[in-house]
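Read the numbers this way: they start at 1 and go in the same order the structure lists the ligands and their atoms. It should be emphasised that the depicted structure is a prediction, and the values quoted were computed from it without experimental measurement.
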Amino acid sequence: MATVAKAVPQPVVPRMAPREDLNPFRISQIQFDIAAEYLKLEPGLRQVLRTPKRVLEVSIPTKMDNGQLKVFTGFRVQHNIARGPAKGGIRYHPGVTLDEVKALASWMTWKTATVNIPYGGGKGGVICDPKRMSKGELERMTRRYTSEILPIIGPERDIPAPDVYTDAQTMAWIMDTYSMTVGYSSLGVVTGKPVSLGGSQGRNEATARGCLFATEEACKVKRIPLRGASVAIQGFGNAGSIAARLFAEKRAKIVAISDSRGGVYNPRGIDPLRAIRYKERSGTVVGMPGASRISNDDLLTLKCDILIPAALENVITLHNADQIKAKIVAEAANGTTTPHADEVLYRRGVFVLPDILANAGGVTVSYFEWAQDLQGYFWEENEVNTRLEKVMKRAFYDVYETMRKYHTHSRAAAYILAVGRVAEATLVRGLFP
Ligand code: NAD
C-alpha cells in the first residue's frame, strides 16, 4: 500500500525561477514530485514512477508525391504499464520532441489511474507538418511508422489512439498495417477507429463529452449554472469544436473560439455548428461572419465563466496566470498549465479541472472500444455515454475529496490519487527479478 501522509505538507514547486522552465517532461516530473511528496513515497519507488519504462525512436523513410524520399523521425514512449497495457495517442506536429512525447506518456499513466481504468500510459509522435502533406504521403508515413513501432505495440502491450492532427483514418491505416503483418485482423490494436472498423459509438465526441461531464460537476460545486455560462475555447479540432457543440447544447454561451490561425469573439454567443461549417470551408474560424477577431492570447484572458484550452501545452503560465478571469478552467488539452501558474490560479480561487481528469473521457471511451473489440460485442451510443458519465463523475468526486483531504489544488489532488494507485500496483507486484 502507498503510505498516505497524515500531516499536510507544503507543495514542492521549485522556487520561482526568473524564467519558467517550459520543458513538458520536466513539468510532468514536478507534478509527479508534488504528489510523491504528499504520499511520502520511497526514493526508489519515485525513481521508478517518474522515469519512462521504454523509449523508442524510429526513422520513417517515406516516398513523397514528387518521387523523393524523406526521412521523418518518430517516437513511441511507454511510461508505465504497472496497471495494464500502455495507452495513448499519436501526435503529428512539426514541434514534436522526445521530451514532449515522454511528458504526454506520463500524463497518460496518471490519467488512466485518475479515472481508474486498467491501463498504463504511452504516447507516440512524428515530427512532420501534416498540413503540408497529401493524404497519400500521410498514409505511407503512417504505415511505415506503424511497422517501425510494431515490435512494441499490440492489444495487450500498447494501444495507440488519435491525438493532435491524427484521426480515425490514421487509426484505420495503423490497424491495417498491424493486421497485415501479424496475419489476422486485430481490432484491439488501436482505438479511435472508424465505427465501420470496430470503433466505438461515441468515441469521436468522448473527450469533449467527458470534459462536459466533469465541468457540470465543477459548476455544481462552484454554484455556477452551466445554462447561460459564458465559455471561451482555444483550439477548434476534435476536442475544442465538439466541446463547443456539446456545451452549447446545454445552453452555455460560446463567446470565443480559436485555432492555430487566431480566434473570433462575440459576447452574444457564437453558433458552434456555423463555426464548424465555416472552418470546413475556409480551414479556419478566423473571418467567420458575425464575430470580431481575437488573438489566441487575448482569448485566454477573456472575462468568461469557463475557459477551455483545447489546443497545445503551456498556454497558461506565469506570464498570464494572474490575468485569467474565468472561474473554471477545464483543460481539454494536455499540459496547458505550468506548475507555477497552478499556484497562482489556486491562490486566486480559479477552479482548474486538470487535464488528467478533464480530458480523460477520450481514453475512457477508448477503453470501452478496446473492451468491445476484444469481446466482439458492440454497445449502443447511449450505453457508452451513460458509462462515460459514471466514470467521469466518480473521478471528479474522487479528486474533489482528495483536494479537501489534503487542502491542495485540484491538479495536486488528481496526482495524489493517480500516483497512489500506480504506486500501490507497483508495490503489490514487487520488483522483477
Ligand atoms: P486536433 O488536431 O483535432 O485539433 C487541434 C486544434 O488546435 C486545431 O483546431 C488547431 O488549429 C489548434 N491549434 C494548433 N496550434 C494552435 C495554437 N498555437 N494556438 C491555438 N490553436 C492551435 O487535436 P485534438 O485531438 O482536438 O487535441 C487537442 C488537445 O486535446 C491536445 O492537447 C490533445 O493531446 C488533447 N486530447 C485529445 C484527445 C482526443 O481524443 N482527440 C484526448 C485527450 C486529450
Residues forming a side chain to side chain contact (heavy atoms under 4.5 Å, CB included) with A418, sequence neighbours excluded: W110, A113, T114
Check each heavy atom of [X] against ligand 1 and say whether those closer than 4.0 Å belong to the side chain, the backbone, both or neither.
X: E313; result: neither
X: N296; result: side chain
X: T336; result: neither
X: N359; result: both

Is a salt bridge present between [X] and [Y], judged by a nitrogen-to-oxygen distance below 4.0 Å?
X: R274; Y: D271; result: no
X: D65; Y: R140; result: yes
X: E217; Y: K220; result: yes
X: K393; Y: D398; result: no
X: E331; Y: R411; result: yes
X: R46; Y: D33; result: no
X: D373; Y: K193; result: yes

Out of [options], who is nearest to [atom] when you count heavy atoms only?
atom: atom 35 (C) of ligand 1; options: G192, A310, A332, A161; answer: A332
atom: atom 24 (P) of ligand 1; options: P130, A239, G235; answer: A239
atom: atom 17 (C) of ligand 1; options: S260, S366, G335; answer: S260

Which residue supplies the protein heavy atom nearest to [atom], what is that atom called, and how far is it?
atom: atom 39 (C) of ligand 1; result: T207 OG1, 3.3 Å
atom: atom 27 (O) of ligand 1; result: V164 CG2, 3.7 Å
atom: atom 33 (C) of ligand 1; result: D163 OD1, 3.2 Å
atom: atom 3 (O) of ligand 1; result: N238 N, 2.8 Å
atom: atom 31 (C) of ligand 1; result: A311 O, 3.2 Å
atom: atom 9 (O) of ligand 1; result: F236 N, 2.9 Å
atom: atom 4 (O) of ligand 1; result: G237 CA, 3.2 Å

Within a distance under 4.0 Å of any heavy atom of [X], pick out the atoms of ligand 1 and give their elements.
X: Y165; result: 2 (O), 10 (C), 11 (O), 14 (C)
X: A333; result: 29 (C), 30 (O), 32 (O), 35 (C)
X: R91; result: 31 (C), 32 (O), 33 (C), 34 (O)
X: D259; result: 9 (O), 11 (O), 20 (C), 21 (N), 22 (C)
X: L312; result: 15 (N)

ring-ring contact (aromatic ring centres under 6.0 Å, His included) assessment of Y119 paired with Y367: CA-CA 8 Å; Y119 281 143; Y367 164 55; 5.7 Å; yes
Within 6.0 Å of CD in E383, more than 12 heavy atoms from elsewhere: yes
Any R203 heavy atom less than 4.0 Å from ligand 1: yes
Whether R261 lies under 4.0 Å from ligand 1, heavy atom: no
Pairs involving residues 72-87, ordered by first then second residue, that meet salt bridge (charged side-chain N to carboxylate O under 4.0 Å, His left out) (sequence neighbours left out): R76-D158
Test item: V384 and R203 side chains (from C-beta on) under 4.5 Å apart, heavy atoms: no
Check: I316 and L307 side chains under 4.5 Å, non-hydrogen atoms: yes
So for ligand 1, is [X] a polar contact partner (N or O within less than 3.5 Å, distance only)?
X: G240; result: no
X: S258; result: no
X: H93; result: no

Y346-S410 side chain donor-acceptor pair, cut-off 3.5 Å: no
